[in-house]
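Have a look at the structure below before the remarks.
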2 protein chains.
Amino acid sequence: MLSKDDSGSEQPVIRRLGALRRLSEAGAAAIKDAVRERIVKAAAGEDLVCEGDRCENVRVFLSGWAYRYKTLEDGRRQIVSFILPGDTCDAYIYLLSAMDYSIATLTPVSYAELDRGAFERLMSADISVAEAVHCETLAERAIRCEWAINLGRRDALERVAHIICELFERLRVVGLVNGNSFAFPVTQMDLADAAGLSTVHLNRTLQELRSAGLITLRDRSLTILDLQALSSTAMFNPNYLHLHRG
Amino acid sequence: MLSKDDSGSEQPVIRRLGALRRLSEAGAAAIKDAVRERIVKAAAGEDLVCEGDRCENVRVFLSGWAYRYKTLEDGRRQIVSFILPGDTCDAYIYLLSAMDYSIATLTPVSYAELDRGAFERLMSADISVAEAVHCETLAERAIRCEWAINLGRRDALERVAHIICELFERLRVVGLVNGNSFAFPVTQMDLADAAGLSTVHLNRTLQELRSAGLITLRDRSLTILDLQALSSTAMFNPNYLHLHRG
DNA sequence: CGGCTGATTGATCCCGGTCAAATGAGGTGG
DNA sequence: CCACCTCATTTGACCGGGATCAATCAGCCG
């Protein structure tokens, strides 16, 4: 059941997993099939899952941006990671009894929903697929690890620069950048919650990045004016993304 | 090849995995066998792996404390997680080409080293084992997620209290607490690097916890005097540890 | 005894938080 | 077309948590 809009919508998944590990042709085909089965769409600004919900399906994101977050009782919120097209949202998650974080959308999104059966069928269909999925799990953990040092040890400017560098690399892999520009559907409030800063200070930090000639950010579009300089102020080292086939 | 000292050394692994998911008897036996094959020991204060090293073996920790960390070029360091007895250090890690973090020991440790063959044999030996290992991967990610909100959104007092609560729960599962006390082989420097604080401020924060009657910490031994109060100042909710069979 | 590592204390400074208000950009209903 | 509302961004003023610098103290080991 493939509508015209969806044709090719599985491309980001193939690109993402293929960057982590070489996919066999059979593997790529198995992914395409699995990901066409049950496609769900959601609007911007919606919660897809909430902390405490039962875990049932593995989600494979096809288009749009989302993020994982946690909140404290008193409302403080931390965005824990961004979810981009091609990302798989929690292999084997159905083994747990309750979600330990929430997912919200930043833009309209579409994703494939795989129940336990569908996911396990995909994992056993082809070794290269299983390996790529395991790699993605490891890569996603590595991202959270890098976020820990980001939040714990980088100052505001370095932190925001780092988040931008990471998003740029991840979007590049799935073909969502245009030169050094990309759509950036993140409000300053959201970005502040990802960087562990207040919105006020985040705003000032962005201005600092702008006036240093590192980025442009207008109308939800971000341009990196000097990637070299941005990377080095962030002390960004892309190895942790594991995007070059191990 | 089991020396007298090692008899029963696999217990923490069984307890840890068994807390995450019910293990069949065959599964428990398979774990015990796998974990006895090749046991490695290391002294306190050693690096077991460094960022950038090749990834070869999966490690299953049997005794002692270690931690994962990352450093920035200028020496700033962030401890990203503590590794306790029973923890598995990175299922499928051999699929990646280079480690994205380092591991160092806090005490003498012993761990089982599983090469790719041994690990895959274990995973296919018994479904309950494979599921438990996947659960552990998910639980470990959840821990990093919680650490993100810890570093990004909790203040110093809450942060340190949270780390203590988490360690207490994790040690309890593997039987390493004695009432509300446990061995705590972490220097203030290390704890500061886990909490994203300076050692000076960490020291003052510990004093605050002590003078509030929440903990005692002397001679590498920590006692929680008021678990209720400590949990609530930390806003600690143990669900993310997934220790109650899903 | 001297040297080393880790814990503690004091004094000072500054990054980033908080509070408050203004500006701007859509969006909607009259 | 305008009045009005909401949401996001921006700016200013002030404050405080935690960093930094520097010294002292306490064990421990050779």
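Computed from a prediction, not measured in an experiment: that's the story for all the values here. These values consider heavy atoms only, across backbone and side chains, with no hydrogens, waters or symmetry-generated copies. Order of the sequence lines sets the chain letters (A, B, ...), proteins ahead of strands, with each chain counted from 1.
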Exercise. Base, sugar-phosphate alone, or nothing: which one does A:Gly45 contact when heavy atoms must sit under 4.0 Å apart?
Worked result: nothing

Exercise. Quick one: is A:Gln207 getting a side-chain N or O under 4.0 Å of the D:dT11 phosphate, OP1 or OP2?
Worked result: yes

Exercise. Between A:Arg218 (CZ) and C:dG24 (P), how many Å, whole number?
Worked result: 16 Å

For this session: Look at the side-chain N and O atoms of B:Arg204 and state whether any lies under 4.0 Å from the OP1 or OP2 oxygen of C:dA11.
Result: no

For this session: Determine yes or no for a side-chain-to-main-chain donor-acceptor pair under 3.5 angstrom, with B:Arg153 supplying the side chain and A:Leu197 the backbone.
Result: yes

Problem set entry | Between C1' of C:dT5 and CG of B:Asp190, the distance in whole Å | 12 Å

Exercise. If you check every side-chain atom of B:Gln188, which of D:dG12, C:dG17, C:dA7 has the closest atom?
Worked result: C:dA7

Exercise. Hey, which of these two, A:Val200 or A:Asp155, hits DNA chain C nearer its 5' end, going by closest nucleotide?
Worked result: A:Asp155

For this session: Check whether any side-chain nitrogen or oxygen of B:Asn203 sits under 4.0 Å from OP1 or OP2 of C:dT8, and answer yes or no.
Result: yes

Exercise. Under 4.0 Å between a side-chain N/O of A:Arg153 and OP1 or OP2 of D:dG18, yes or no?
Worked result: no

Exercise. Looking across every strand, which nucleic acid part, if any, lies under 4.0 Å from B:Arg220 by heavy atom: base, sugar-phosphate, or nothing?
Worked result: sugar-phosphate

Exercise. Is any side-chain nitrogen or oxygen of B:Arg210 closer than 4.0 Å to OP1 or OP2 of C:dT8?
Worked result: yes

For this session: Answer yes or no: is there an ion pair linking A:Glu140 with A:Arg68, defined by an N-O contact shorter than 4.0 Å?
Result: yes

Exercise. How do A:Asp219 and B:Met189 order along DNA chain C: which one's closest nucleotide is nearer the 5' end?
Worked result: B:Met189

Exercise. What is the distance, rounded to the nearest whole Å, between atom CD of B:Glu158 and atom C1' of D:dG17?
Worked result: 12 Å

Exercise. What is the ring orientation for B:Tyr69 with B:Tyr67, classed by angle as parallel under 30°, tilted 30 to 60°, or perpendicular over 60°?
Worked result: tilted

Problem set entry | Spacing of A:Leu197 atom CG relative to D:dT9 atom C1', expressed in whole Å | 16 Å

For this session: Send over the distance from B:His201 NE2 to C:dG6 P, rounded to a whole Å.
Result: 21 Å

Seminar exercise, completed: To the nearest angstrom, the CG-P distance between B:Leu151 and D:dG18 comes to 13 Å

Exercise. Can you find a pair of side-chain heavy atoms, one from A:Glu146 and one from B:Lys70, that are under 4.5 Å apart?
Worked result: yes

For this session: Identify whether any heavy atom of A:Ser198 sits under 4.0 Å from a base atom; if not, whether one sits that close to sugar-phosphate; answer base, sugar-phosphate or nothing.
Result: base

Exercise. If you measure from the Lys or Arg side-chain nitrogens to the Asp or Glu carboxylate oxygens, is any gap between B:Arg170 and B:Asp87 under 4.0 Å?
Worked result: yes

Exercise. Starting at CZ of A:Arg154 and ending at P of C:dG16, how long is that distance when rounded to a whole Å?
Worked result: 14 Å

For this session: Please state how far atom CG in B:Leu202 lies from atom P in C:dA7, giving the value in whole angstrom units.
Result: 9 Å

